[in-house]
Amino acid sequence: MTTTPTRNLLAVALTPLAKIRLVHIFILATAAALVAFPLIAHPFFTLQIGAQTFVFGVVALSLTFLAAYGGMVSLAQIALYGLSAYTVAILTLRLAAPWPLVVFAALFVASAFGAIFGLIAVRTRGIYLLMITLALAILTYFFVRQNDTIFAGHIGYHGVQAPVVAGVWLREPLPFYYLTLAVATVVLFSIYYIARAPFGLALQGLRDNPRRMSALGYSVGLHKVVAFAMGGLIAGVGGVIGVWYQGGISPGSIDVARNVMILVMAVIGGIAYPIGAFVGALMFILLDNFATTYLDRVRFNTYIGVTFVLVLLLAPGGLVGVATQIRGAALQSASTSLRMAGRRRVDQESPSTPYSPPSEEPFNLLERERTQLKTATEKEAHNETEH
Amino acid sequence: MLTTLNGVTLAALYFIVASGFTLAFGLLRVVNLAHGSLYLFGAYLGWSTWQMTGSWAIALLAAAAAMMVFGAVLQVGLFGWMSGQDMRQALISIGLLIVIADQLLRHYGALTHRIVAPEQLQNPVSIPLAGVQYPGFRLFLVLVALVLGGGLWLLLDRTKLGMMIRAGIDDRLILSAMGVNVNKAFVAVFALGAGLAGLAGAIGGTAFSISPGQDVHYLLIALVVVIIGGMGSLGGAAVGALLVGLTEQFGRAYFPLYAFFTVFLMMVVVLSLRPHGLFGRPA
């Protein structure tokens with residue numbers, strides 16, 4: 001009988017199936033739903049909810065990327081988004097440049113300014129970095145508002161058209177939805193990839209213990225600047241699709257309220273989780289579109305601010321953080337394997353401690369970092385006195 | 001000469017704003033990004049009080065006192081709960097920033113208001129040596145900043161509270177182990193910082209004007225001043241304010257469109273040389 005080889009063959013064929021877990025089914029179902037969504041939904045939902053979620057999700061993701069893997073909460077991302085959008089607007093409206101060139105230039109500008117902002121902020125950490133990046137964002141806002149020759153002052157640019165590619169106008173609801181979906185997917189999975197690549201691992205090492213990484217020969221500053229440039233690139237991608245979506249850019253699109261909007265998305269979703277950026281963006285945009293039918297539209301900033309404060313008070317890990325906490329055990333093997341691959345490998349002090357859901361991770365991480373540094377400096381001081 | 005005077009008087013206002021910001025940070029490690037909102041809130045309250053009572057001095061006092069109470073409430077009700085989690089506190093204060101801005105807009109509208117100082121203060125004063133006439137109020141502003149700066153220095157350097165604050169900056173844990181009620185000191189300092197913001201608002205509303213959006217402007221000023229001067233250092237705030245005020249005025253005089261850019265450049269230069277500011281120490 002040939003049972004044994006057949007059975008072996010069957011076993012081999014079924015191995016991948018055996019590894020399929022609930023999470024994989026969930027991811028597949030989500031992907032299928034996202035692809036099918038515009039076919040059944042009203043164009044309003046396709047654009048106003050769907051595409052907008054992806055556009056702002058990408059911008060929020062650039063913040064999450066730096067915060068989750070680099071431990072750097074940068075509030076300058078909205079400025080980079082704006083610079084990219086301005087580049088698109090200026091090149092399209094003033095020079096009528098072909099769209100591939102426009103996109104390339106916009107991404108280049110955003111990455112370059114990301115690197116410049118990184119260079120400025122690189123020697124600071126934690127709360128200092130937050131302040132410097134916020135100052136950079138506000139300075140950019142005031143600068144574009146005052147500058148008439150290049151940035152058209154407080155009016156900004158309007159009437160930016162998305163390009164027509166292969167006879168399809170990209171701003172049509174269906175093509176635009178799929179464009180933003182594709183862009184968001186590519187960016188998200190690139191980030192997961194980077195997180196597991198040597199660069200991402202080094203970045204997480206720097207986040208957890210810069211001193212040790214520097215002793216191991218890693219250049220702390222260089223990694224941070226490159227991370228900032230990547231963050232700028234992601235925000236720049238958001239800027240390109242953002243300006244295509246909104247058809248224009250003005251200083252009002254990059255003011256502090258908008259900055260907070262991006263921050264709110266990242267925090268509501270969970271600032272330690274890349275996917276949280278999109279969850280947060282979806283929540284925000286649903287709130288924006290539906291909550292205000294019952295509430296006073298004019299006071300939107302108040303609701304958003306209060307929601308933001310409440311999330312920070314009650315669930316600083318955000319929605320994804322809460323979900324992870326609730327389903328901690330169930331999700332541990334699948335969704336955290338990704339995170340553990342990158343996040344904990346460098347942390348060799350506690351290889352055997354069970355993984356605990358990172359409900360307040362970005363905050364605790366910074367705290368831990370500080371205590372570690374403090375003990376290190378204290379030890380050094382102690383050694384010096386002994387000598 | 002006039003530009004220098006303008007720069008110095010502007011710096012005086014900036015110092016009052018930034019000193020409150022840096023004070024709260026020094027002891028509490030709270031980066032209160034709603035500091036600019038406290039400034040604007042104080043300015044509007046001062047304006048209302050001035051409208052009601054007609055007294056400029058009462059308006060100033062009311063703005064400062066109300067913001068002190070508001071600051072104490074914030075510290076007791078919000079920031080005190082998450083002591084030590086500086087990132088969370090900073091993010092929450094950003095949330096407060098837009099809520100307060102929105103509520104102020106609702107209450108006071110988008111019009112520009114202005115508090116008018118008593119006439120004795122408004123008369124132009126001729127300055128000896130320089131030979132220029134200069135608005136008296138702006139010189140008064142410098143005087144207020146000097147008095148406040150001196151007062152704060154005395155408070156920090158010569159009183160028991162100041163001793164506790166300085167000890168708290170160095171080591172909070174030991175201070176509380178010595179039997180000092182650190183929480184009380186925290187509330188006092190936070191209220192003091194908020195009160196300074198409110199006072200600055202009322203004074204700024206007299207010297208310039210009050211309009212929505214100034215909260216962000218003065219937040220930027222406070223940030224840049226303490227980034228340049230060094231967090232938690234009173235002297236740093238004074239030097240930073242002077243640098244920013246002068247740079248902004250000279251920038252405005254020589255490159256009118258790019259005044260902010262000159263400030264930005266200075267921040268970059270200082271940061272590249274001293275990442276924690278001129279007088280700052282690593283946290």
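Keep in mind that the numbers below use all heavy atoms, side chains included, and drop hydrogens, waters and symmetry copies. Predicted model, so just to flag it, every value in this text is computed and none were measured. The sequence lines fix the lettering, A, B, ..., with proteins before strands; numbering per chain opens at 1.
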(message) Run the ring pair (Phe, Tyr, Trp, His ring centres under 6.0 Å) test against B:Phe79 and tell me which residues pass, sequence neighbours left out.
(response) B:Phe190
(request) Sequence neighbours left out, what pairs pass side-chain hydrogen bond (donor to acceptor under 3.5 Å, both in side chains) with at least one residue falling in residues 12-26 of chain B? (result) B:Tyr14-B:Glu248
(message) Can you tell me how far apart CD (B:Gln214) and OH (B:Tyr39) are? Round to the nearest 0.5 Å.
(response) 5.0 Å
(request) Drop me the distance from A:Thr64's OG1 to A:Gln77's CD, to the nearest 0.5 angstrom. (result) 9.5 Å
Is [X] in contact with chain B via its backbone, its side chain, both, or neither, using a 4.5 Å heavy-atom distance?
X        : answer
A:Ile120 : both
A:Leu75  : side chain
A:Leu130 : side chain

(request) Would you mind checking which part of B:Ile100 comes under 4.5 Å of any heavy atom in chain A, side chain (CB onward), backbone (N, CA, C, O), both or neither? (result) neither
(request) Name the region of B:Ile92, side chain, backbone, both or neither, that has any atom closer than 4.5 Å to a heavy atom of chain A. (result) both
(request) Answer with yes or no whether the side chains of B:Tyr108 and B:Ser48 bring together a donor and an acceptor at under 3.5 Å. (result) yes
